[in-house]
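Note sheet for the following structure.
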Amino acid sequence: MSHMNLVKLCVGIATVEELEAWREAHFADGTPYGLGLHVHRTRMMPTRRGEIVGKGSLYWVIGGHIRCRQAIVSLEAATDHEGRSCCDIVMDDRIIRTIPQPKRPFQGWRYLRPQDAPADLSTANAGNDDGALAAELARLGLI
């Protein structure tokens with residue numbers, strides 16, 4: 001069986017560095033799921049759970065481009081502060097930068113097939129702070 005990814009807008013975050021700083025500040029003491037994990041709460045539980053957990057990643061859209069991803073460790077049924085059912089996306093704390101790929105705004109999360117996901121940035125490109133050069137090279141079809 002193949003795996004599946006999720007893609008989600010990273011609302012209120014302008015750069016990958018800002019996401020890293022926010023995550024570090026908010027999850028320094030761990031989560032209910034353990035240390036070294038990050039959690040993002042969303043309304044709907046993915047029906048393709050078996051293809052995602054332990055195999056897929058959550059790809060973050062920042063500034064109109066998919067710019068990074070985090071491996072999904074589990075998808076947990078939860079209840080929000082108003083008593084509504086929701087889903088906790090539990091992720092590894094490591095944020096992996098990707099080659100920037102344009103993505104239009106959307107609500108919630110969407111499935112992202114592996115063949116449609118951007119490749120990880122190589123360590124040689126990782127020093128590119130905002131990914132602008134990588135985005136332009138990708139737009140030109142050079143990477």
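- The aromatic rings of Y111 and W109 stand perpendicular to each other, their planes meeting at an angle above 60°, with 30° marking the opposite boundary.
- Under the side chain to side chain donor-acceptor pair (under 3.5 Å) criterion, R84 pairs with D80, E82, sequence neighbours left out.
- Remark: R49 pairs with no residue by the side chain to side chain donor-acceptor pair (under 3.5 Å) rule, at least two apart or across chains.
- With respect to E17 and R97, a salt bridge is recorded, a charged nitrogen being found less than 4.0 Å from a carboxylate O.
- Partners of P102 according to the side chain to side chain contact (heavy atoms under 4.5 Å, CB included) rule, which considers only residues two or more places apart in sequence or in another chain, are H65.
- Grouped by direct or indirect side-chain proximity (heavy atoms under 4.5 Å, Ile/Leu/Val/Met/Phe/Trp/Tyr only), I96 sits alone.
- Inter-residue side-chain proximity for T98 and L121 is flagged as unmet; no heavy-atom pair is nearer than 4.5 Å.
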Extract all donor-acceptor atom pairs below 3.5 Å that involve side chains of residues 71-79 and protein atoms in other chains or at least two apart in sequence.
residue	atom	partner	partner atom	Å
S74	OG	E76	OE2	3.1

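- Take F106 and apply the ring pair (Phe, Tyr, Trp, His ring centres under 6.0 Å) test, not counting sequence neighbours, and it matches no residue.
- Partners of R41 under the salt bridge (charged side-chain N to carboxylate O under 4.0 Å, His left out) rule, at least two apart in sequence or in another chain, are D88.
- In this structure, the side chain to side chain contact (heavy atoms under 4.5 Å, CB included) partners of R113, at least two apart in sequence or on a different chain, are M4, Q115, D116.
- In this structure, R43 has no salt bridge (charged side-chain N to carboxylate O under 4.0 Å, His left out) partners at least two apart in sequence or on a different chain.
- A salt bridge does not link E20 with R23: none of the charged nitrogens is closer than 4.0 Å to a carboxylate oxygen.
- Shown here are the side chain to side chain donor-acceptor pair (under 3.5 Å) partners of D93, two or more places apart in sequence or in another chain: there are none.
- Scored by the side chain to side chain donor-acceptor pair (under 3.5 Å) test, D120 finds R69 as partners (sequence neighbours excluded).
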